[in-house]
Amino acid sequence: MIGDLFDSPWKILIVALVIIVLFGSKKLPAAARSLGQSMRILKKEVHGLHEDEPEPRPTGASAVAQAPAGITATAAGGQPARQAQIGALQQQVGDLQRAAAVDAEPQPAAAAAAEASRPAQQPF
């Protein structure tokens, strides 16, 4: 259907004339310029994405080369630093579990207050 629209130069000329009449001759150059800028931005972003892709590593790469610097520095610091970090994390987990348990428990005083503030329902 659309292929039949552009099979002769007269039809193309008519479509171009309708577009000019609809959008006006002043807006078409600005629209074309905006479209060109959008295409340039899109090309830059796609090119930037291709540049950001990491190089494929060989299969025999060591785990130390892939580990972040903070992890390797902590590992080099020795066991006391690691044990202190583990202890702090365990303390945080315990605190979170206690807070979750307190939130999950029904609070009778709050439930009674909520029940008292509701209007009484009358049977029909």
Below 3.5 Å, can you tabulate the donor-acceptor pairs from side chains in residues 86-100 to any protein atom, sequence neighbours excluded?
from	atom 1	to	atom 2	distance (Å)
Gln91	NE2	Asp95	OD1	3.3
Asp95	OD1	Arg98	NH2	2.3

When clusters are formed by joining ILVMFWY residues with side-chain heavy atoms under 4.5 Å apart, either directly or through shared neighbours, do [X] and [Y] land in the same one?
| X | Y | result |
| --- | --- | --- |
| Ile41 | Val46 | no |
| Leu28 | Val18 | yes |
| Leu22 | Ile20 | yes |

Is the side chain of Ser34 donor-acceptor paired with the backbone N or O of Ala30 at a distance under 3.5 Å, no angle test?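 Flag not set: sc Ser34 to bb Ala30 has no pair under 3.5 Å.
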